[in-house]
Amino acid sequence: MSNETREHIRDWWRTDIVNVEDGNIRYRGYAIEDLIGNVSLVETIWLLLRGELPDPKQARLLEATMVASVNAGPMSPSCAIAAMAITCGVGLNNAIASGINALGDTHGGAGQQVMERLLLIRDSDGTDMHAKVATHLEQFFEEGGRFLPGFGHRFHSVDPRAQRLLELIDEATADGVVQGEYAKMVRAMEAELTRRKGRNIPVNVDGAFAAVLAELGFAAPLARGIFVLARAAGLLAHAVESQTEGRRIKGPVPDDIMYTYSGHAPRALPGAQ
Ligand SMILES: CC(C)(COP(=O)(O)OP(=O)(O)OC[C@H]1O[C@@H](n2cnc3c(N)ncnc32)[C@H](O)[C@@H]1OP(=O)(O)O)[C@@H](O)C(=O)NCCC(=O)NCCS
């Protein structure tokens, strides 16, 4: 093999993230044996994604978003799916992956969309943030938008996770760790949405999660990526609990409750006697 071909193949797998040689593993240049026992999982996630270790106060904020997102109750679709999947004879990896596959724009994945909107608002014309938020929402509804990502919740009139995350941004702002501009924006969006709809539509965990990640300078798609990492822990717990119960093929409701059939009455095939 020519040197040129060899280089071509090596470059195919070019990475800045990790280097592995015989007896030596380095993440972003740091030896694994130095990281183990000294650096938290959240700090390691930050290191892998961003290239540098975070300040401990930044890491605390990131960790808070992950704690907030771990679980949303046994009937939240991702958790319920993981709990059902494990009773079908699959492994824990399949059960977790099944739950993760239910995370989308409406359930758990809205953070990415919120972040994209926060950045759009930030970059829109004008200096008055409240006016920029109002214009953004005006356009959203004019263009046929119905559910603004990051707001509203099926159960919570006030989402305790969102409130706590916003509080932590406030504390970090006072501490000079972040600017606090996205927390203000999310609160202005909540107020404007509530004014427009004439009913309370609270900022939810995805909205506050996105505000934290925007404050910390993450790219929008990572809002979904990091949410998925955190929720995987909750899905693991539900799958293990469900497995421990010993039930086989757990369906969405107890077996003695059937569904409503609304199709055609029984009939014979055309041409049949
Ligand atoms: C989470 C969600 C599905 C809960 O919906 P819900 O409480 O069942 O809301 P409903 O479908 O009963 O709607 C109730 C009213 O509130 C409005 N509403 C609820 N959430 C809204 C939102 N995010 N933006 C605008 N209006 C909203 C609905 O338009 C509806 O008003 P209408 O009667 O005038 O049509 C919904 O708020 C939503 O899709 N939010 C955006 C996605 C998101 O952030 N998901 C993450 C959840 S943690």
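For clarity, every value in this text was computed on a predicted model and none was experimentally measured. Numbering starts at 1 and runs along the sequence shown. Counting starts at 1 for both ligands and their atoms, in listed order.
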Taking atom CG of D16 as the centre, does the number of heavy atoms from other residues, nucleotides or ligands within less than 6.0 Å exceed 12? no

On a heavy-atom basis, I'd like to know which of F147, F141, F155 is closest to atom 21 (C) of ligand 1. F147

Heavy atom under 4.0 Å from ligand 1: found in H153's side chain, backbone, both, or neither? both

Numbered atoms of ligand 1 (with element) below 4.0 Å of K197, judged on heavy atoms: 17 (C), 26 (N), 29 (O), 31 (O), 34 (O)

Do E181 and K184 sit within salt-bridge range, that is, some charged N less than 4.0 Å from a carboxylate O? no

Within reach of ligand 1, part of V114 (heavy-atom separation under 4.0 Å): neither

Basic-acidic side-chain contact under 4.0 Å: R247, D255: no

Do we see a donor-acceptor contact under 3.5 Å between the side chains of R199 and T194? no

Does ligand 1 have an atom that lies less than 4.0 angstrom from a heavy atom of H107? no

Report the part of L148 in contact with ligand 1, treating N, CA, C, O as backbone and CB onward as side chain, heavy atoms under 4.0 Å; options are side chain, backbone, both, neither. both

Identify whether the distance between the nearest side-chain nitrogen and carboxylate oxygen of E21 and R26 falls below 4.0 Å. no

Closest to atom 33 (O) of ligand 1 among R199, M189, Q113 (heavy-atom distance): R199

Say whether, by atom type as modelled, one donor and one acceptor occur between the side chain of K132 and the main chain of T127 under 3.5 angstrom. no

Residues D159, R164: salt bridge by 4.0 Å N-O rule: no

List ligand 1 atoms under 4.0 Å from D206, heavy atoms only on the residue side. 46 (C)

Any idea which atoms of ligand 1 are less than 4.0 Å away from a heavy-atom of A110? 43 (C), 44 (O)

